[in-house]
Amino acid sequence: MSEALATVSANGDGAVNPLRAGIASDRITDPCTIVFFGASGDLFKRMLLPAMYALRVRGILPNDFAIVGFSRSKYDDDAFRAYSKEQLDEFCPPDQRPQGAIWEDFERRISYITADFDNTKSYAALKKRLEQNDTELGTKGNRLFYLSTPPSVFPTIIEHLKHAGLNGGEHAEGWARIIIEKPFGTDLASARALQQTVDRVFRESEVYRIDHYLGKEPVQDIMALRFANTIFEPVWNRNYVESVQITAAEQLGVELRGGYYDNAGALRDMIQNHVMNLLALVAMEAPSGPDADAIRSEKFKVFSAIMPPTHDEVGSMSARGQYGAGQINGKPVQSYRDEPDVDPNSNTETFAAVKLHIDNWRWAGVPFYLRSGKRLAKKVSEIAVTFKPIPHRIYGERTDTIENNVLVMKIQPEEGVAMRFSAKVPGPKSHIRSVFMDFNYGTGFGVQSPPAYERLIGDAMRGDQTLFTRWDAVERAWEIVSPVLDVWENTKDFGFPNYPAGTQGPASARELFAEWRPL
Ligand code: BG6
């Protein structure tokens with residue numbers, strides 16, 4: 001394979017754009033095979049396979065790599081290659097569709113094992129295939145296992161990997177790493193049980209617990225904003241900040257995932273992982289350096305300083321909701337209880353909000369409000385830091401409201417940072433109005449952020465754990481949400497459904513916090 005072919009841009013765009021200065025495509029050096037457990041599933045075809053192909057098109061994959069699909073559906077290698085091409089045709093952006101020499105090289109590196117997750121023969125076949133890849137495709141004994149199966153089979157797969165001697169260790173020729181999809185457990189006890197299995201087979205340095213929010217560029221920029229600038233840190237504390245609100249709102253309903261979601265709910269599905277990770281990034285102290293454990297230790301410290309609510313406090317520190325029928329973008333949509341595979345009397349929340357306090361020197365007394373829900377008025381993920389009001393008013397007409405400064409870190413769909421501040425309205429009177437300074441990544445850098453999975457798979461291949469959640473933080477996040485889960489599970493909400501699809505969520509969310517930013 002020639003270097004030119006390996007790094008060619010799929011759209012042939014060779015023009016130099018000054019905004020792109022500093023944006024490099026870093027080729028991964030270690031060869032390896034990635035084994036996708038659950039390769040016939042939805043995540044693989046929509047996200048993981050397109051991410052692999054994009055990494056190849058952009059010249060980031062090492063020259064010697066291989067992909068093995070390992071799943072229940074029956075395919076031979078050729079049929080799986082054809083299936084992969086169909087999925088890439090459907091799910092890749094037009095400039096990254098499989099074609100030409102890049103696709104031919106990619107295709108021959110794909111193979112498939114029709115497997116029974118609990119049968120040693122399947123793992124013997126996998127071992128043989130990995131050895132074959134080492135000799136024929138130069139993958140040098142390096143293995144990255146990606147678990148994207150239903151979580152119930154995670155322990156089975158992990159135990160079998162050990163039994164088959166595929167879990168690396170000191171005597172192995174290359175390295176072995178494992179990426180584990182969320183959810184990591186369904187509550188504190190099950191997460192601990194899963195971790196015990198993981199501990200028996202892999203070292204923490206080999207375990208990559210994925211949270212795709214951490215792979216989103218604007219999420220990574222939270223640390224850059226805070227620690228590569230001087231102006232924010234001095235005011236980033238209880239003396240200046242009044243409250244912090246973190247939102248992950250979706251317009252989508254549960255789609256075809258009712259079976260999973262009805263046993264999960266918004267608190268497990270979004271708050272315990274994605275939203276808590278955002279909270280950690282916004283509240284942590286500056287790490288001593290850029291390495292993975294320095295950063296992850298600071299994130300863990302934030303969680304350690306959050307006292308889980310007592311069962312008695314849950315009522316006043318949380319709000320929950322479930323969507324009824326309503327309208328999204330002017331089109332009628334059905335209620336949650338009418339979605340496929342959902343119990344028609346379901347008490348599962350599709351909206352969750354919690355108020356947390358971080359009991360440390362920096363944040364004592366500052367409430368952090370977290371909310372997430374499905375079928376809300378719009379899709380938006382953001383963190384808004386609201387600063388305290390001005391101490392003394394000397395400006396503006398009496399009827400003017402002087403609003404607090406707000407710094408908004410916009411994660412999606414807009415990606416950027418906005419600052420609300422007060423300005424004088426032009427004219428002879430001294431009217432004051434809020435205006436925004438608005439930075440947008442797309443226009444600022446002239447590129448679109450790569451999808452999160454591309455970044456995360458690439459990092460796992462490089463052996464960089466920074467954007468993956470360490471066990472101590474996962475465990476602590478479960479400890480924090482556990483009392484809310486307990487109380488909600490044991491007390492039915494007779495008001496469900498309590499918000500129509502396409503709205504701001506339940507009224508109880510406003511009772512928890514009146515100043516949510518409108519969706
Ligand atoms: C997943 C949840 O982790 O994140 C889904 O299981 C949710 O229910 C999704 O829809 C949201 O991700 P994003 O990137 O669209 O905000």
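Since this is a predicted model, take the numbers as computed values, not measurements. Both ligands and their constituent atoms are indexed starting at 1 by order of listing.
The aromatic rings of Y146 and Y453 lie tilted to each other, with the angle between the two planes from 30° to 60°. A tilted orientation is assigned to the rings of F145 and F37, their planes being inclined by 30° to 60°.
Each of I383, I306, I271 was checked for a side chain to side chain contact (heavy atoms under 4.5 Å, CB included) with L279, and the lone residue meeting it is I306.
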Dump the pairs for me: ligand 1 N or O, protein N or O, distance under 3.5 Å, to 0.1 Å.
| from | atom 1 | to | atom 2 | distance (Å) |
| --- | --- | --- | --- | --- |
| ligand 1 | 3 (O) | K182 | NZ | 2.8 |
| ligand 1 | 3 (O) | H274 | NE2 | 2.7 |
| ligand 1 | 6 (O) | K182 | NZ | 3.0 |
| ligand 1 | 6 (O) | R257 | NH2 | 2.9 |
| ligand 1 | 6 (O) | D269 | OD1 | 2.6 |
| ligand 1 | 6 (O) | D269 | OD2 | 3.4 |
| ligand 1 | 8 (O) | R257 | NH1 | 2.9 |
| ligand 1 | 8 (O) | D269 | OD2 | 2.6 |
| ligand 1 | 8 (O) | K374 | NZ | 2.8 |
| ligand 1 | 10 (O) | E250 | OE1 | 2.6 |
| ligand 1 | 10 (O) | E250 | OE2 | 3.3 |
| ligand 1 | 10 (O) | K374 | NZ | 3.1 |
| ligand 1 | 12 (O) | H212 | NE2 | 3.1 |
| ligand 1 | 14 (O) | H212 | NE2 | 2.8 |
| ligand 1 | 14 (O) | K216 | NZ | 2.6 |
| ligand 1 | 15 (O) | K379 | NZ | 2.8 |
| ligand 1 | 16 (O) | Y213 | OH | 2.6 |
| ligand 1 | 16 (O) | K379 | NZ | 3.4 |
| ligand 1 | 16 (O) | Q412 | NE2 | 2.6 |

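With a 6.0 Å radius and a threshold of 12 heavy atoms from other residues, nucleotides or ligands, K331 has its NZ atom at or below the threshold.
Side chains of S381 and Q412: a donor on one and an acceptor on the other come within 3.5 Å.
Seen from the ring of F106, R56 does not count as a face-on cation partner, given the 6.0 Å and 45° thresholds.
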